[in-house]
There are 2 protein chains.
Amino acid sequence: MKKEMTLAAEICARLSERIISGELAAGSPLRQDHIAAEFKASHVPVREAFRELEARGLAQRLPRRGTRVAEAPHAALREVAEMRAVLEPLALRHAAPQITGSVLQRAAEANQAAENAEDIYTWEEANRRFHRTLLEPCGMERLLRSIDDLHLASARYLFAGKSREWQSPNDRDHRAILAALRAGDSATACSVLARHVQWTPPRLRLQAGGFRP
Amino acid sequence: MKKEMTLAAEICARLSERIISGELAAGSPLRQDHIAAEFKASHVPVREAFRELEARGLAQRLPRRGTRVAEAPHAALREVAEMRAVLEPLALRHAAPQITGSVLQRAAEANQAAENAEDIYTWEEANRRFHRTLLEPCGMERLLRSIDDLHLASARYLFAGKSREWQSPNDRDHRAILAALRAGDSATACSVLARHVQWTPPRLRLQAGGFRP
DNA sequence: GCCTTCAGAATTATCTATAATCTGACACCA
DNA sequence: TGGTGTCAGATTATAGATAATTCTGAAGGC
């Protein structure tokens, strides 16, 4: 049995999905013994999975006292948005000189998928793919990792707020970003991107809960 | 024996120091079995320590193939500097309204310690303390954690380049930041901070290796 | 000389057992 | 009644054993 993923990685991936989707609620305890039993594994790779979840901001470990799903307070929504608003344009600025036609093509396909999405999970995955595709050519691994983790956090907020509010966003910013990049205007692409993910006061954007993923 | 730190945390802290100081060179293998023997421990908490080191950007784990000290390529120096240049002002902007006289006092003391430092390690710790003290009141934990990790990376670069080049920096930016904050001018404080940690081309700043910690 | 295969050694990942710490119930005392 | 101490059971952390995977060098074939 030659698996690509270690058991710890597999458990981490499964728990990640449940946390992000909201199935595992913020603050709820993650019992290493119970999860080990569920996965028919020893508790040691479960602990390793918890370490990884914590590193991605999805869990909070309290040494000797257990691990919990990370809280996702409303106040931190702004924190996530503002970090993205400074980090994503930074990545795009470095990525832009390396963006090929192929990258733009893949980004456009991701955006098309987002526009066609009929449920919020499909939309979020396509949206995340759009962003990642454009930023990846920057080649700055630490920065990309930070952005990835912020996207996970964003997804949690998105899914947590989906009830009653979600409509397929009719969002032109992605197209504007692509158009600017095709025109070689990375400054405009960066500023549209920054505005696109920027925190805005809730009063003005009730349906999106204060930011745009 | 009631210890505050778990063994994994202790091992992580010790290895951290060695990585940051340069004693453990970039790319060098971290052997779980050897380290376990050195600490007279099982390899399991060593693995947990490796997970934590990786989360902080100090190690790179290759599943089933071992763990290495994270590379610190010169190219990534710029990445670290630029991330700091956008994240630290963001944190300071949110911290400024919460900064008390006590915070400013502690920051001034840290700066004094930095100015009086006679070796680079003392200076680095005081410098880091200065930054952290000012930014902590923002209360944004994810952001502060990111900045902390960037400071660890900065320290690695600083110590790696210390030979022959290090002089006690005669740096007025810290004082300018404090003065602006005392005057309630957070915009100036933020822009000085951004400039202070900003990436500059190596040609113009040979002695500091391209950025200012 | 180069490439492929394979066995054995080395190393990492997980398991099971044990040690350490935490939690909550209960008893006792002022 | 409220506060404190004790202790059993629950839970987490680590040790040592075992299983799984990778690495390395030797042998054989072309």
Side-chain angles (χ1 to χ4, degrees), chain A residues 1-19 23-71 141 145, chain B residues 1-19 23-71 141 145:
Chain A
M1 179 164 71
K2 192 187 284 275
K3 305 189 306 182
E4 286 188 1
M5 283 172 90
T6 62
L7 188 50
E10 188 68 44
I11 291 166
C12 176
R14 299 285 80 73
L15 293 178
S16 252
E17 287 164 6
R18 294 203 214 153
I19 290 170
E23 180 185 332
L24 288 174
S28 59
L30 295 173
R31 288 281 303 267
Q32 67 184 17
D33 50 348
H34 290 181
I35 289 163
E38 177 190 331
F39 285 89
K40 299 179 164 58
S42 140
H43 71 281
V44 175
V46 174
R47 290 176 62 83
E48 292 208 11
F50 287 174
R51 288 266 180 181
E52 183 69 29
L53 289 169
E54 186 186 39
R56 315 220 72 148
L58 297 175
Q60 182 177 24
R61 252 183 357 95
L62 299 172
R64 295 197 184 89
R65 297 177 62 185
T67 296
R68 288 175 178 274
V69 175
E71 299 284 355
E141 303 214 359
R145 168 114 182 182
Chain B
M1 183 166 67
K2 189 184 286 276
K3 305 189 306 183
E4 286 190 359
M5 285 172 88
T6 61
L7 190 49
E10 188 67 43
I11 291 166
C12 175
R14 297 286 82 71
L15 293 178
S16 254
E17 287 164 6
R18 294 203 214 152
I19 291 170
E23 182 185 330
L24 287 175
S28 60
L30 295 173
R31 289 280 303 268
Q32 66 184 19
D33 48 351
H34 291 180
I35 289 163
E38 178 190 332
F39 286 89
K40 297 178 166 60
S42 144
H43 70 282
V44 175
V46 173
R47 291 177 61 84
E48 291 209 10
F50 286 175
R51 289 267 182 181
E52 183 67 29
L53 288 169
E54 185 184 42
R56 314 222 71 151
L58 297 175
Q60 181 178 22
R61 252 183 359 94
L62 299 173
R64 295 197 184 88
R65 298 177 63 188
T67 296
R68 292 178 175 271
V69 175
E71 299 284 356
E141 303 214 359
R145 166 104 186 201

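Chain letters run A, B, ... following the sequence lines, proteins first and then strands; every chain starts at 1. The analysis underlying the following values was restricted to heavy atoms, covering all of them including side chains, and did not include hydrogens, waters or symmetry mates.
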Within the distance-only criterion (no hydrogens, no angle test), does the side chain of A:Arg61 pair as donor or acceptor with the backbone N or O of A:Thr67 below 3.5 angstrom? no

Report the distance from atom [atom1] of [X] to atom [atom2] of [N], rounded to the nearest whole Å.
X: B:Leu7; N: C:dA19; atom1: CG; atom2: P; result: 16 Å
X: B:Leu30; N: C:dT11; atom1: CG; atom2: P; result: 14 Å
X: A:Arg51; N: D:dT14; atom1: CZ; atom2: C1'; result: 12 Å
X: A:Gln32; N: C:dC22; atom1: CD; atom2: C1'; result: 13 Å
X: B:Glu10; N: D:dT14; atom1: CD; atom2: P; result: 11 Å
X: A:Lys40; N: C:dT16; atom1: NZ; atom2: C1'; result: 18 Å
X: B:Arg64; N: D:dA19; atom1: CZ; atom2: P; result: 17 Å
X: B:Glu48; N: D:dT14; atom1: CD; atom2: C1'; result: 9 Å

Considering heavy-atom distances to DNA chain C, does A:Pro63 or B:Thr67 have its closest nucleotide positioned more toward the 5' end? B:Thr67

D:dT14 base / A:His43 side chain donor-acceptor hit below 3.5 Å: yes

Determine whether more than 12 heavy atoms belonging to other residues, nucleotides or ligands lie under 6.0 Å from atom CZ of B:Arg65. no

Picking from D:dT14, D:dT11, C:dT14, the nucleotide nearest the side-chain atoms of A:Asp33 would be D:dT11

Side chain of B:Val44 - closest among D:dT12, D:dA15, C:dT11: D:dA15

Salt bridge check, B:Glu54 against B:Arg51: does any charged N sit closer than 4.0 Å to a carboxylate O? no

Is the shortest side-chain N to carboxylate O distance from A:Arg18 to A:Glu38 below 4.0 Å? yes

Contact under 4.0 Å: [X] side-chain N or O vs [N] OP1/OP2:
X: A:Arg31; N: D:dT11; result: yes
X: B:Ser42; N: D:dT14; result: no
X: B:Arg65; N: D:dT21; result: no

Walk me through whether A:Arg14 and A:Phe39 qualify under side chain to side chain contact (heavy atoms under 4.5 Å, CB included). CA-CA 10 Å; A:Arg14 299 285 80 73; A:Phe39 285 89; 3.7 Å; yes

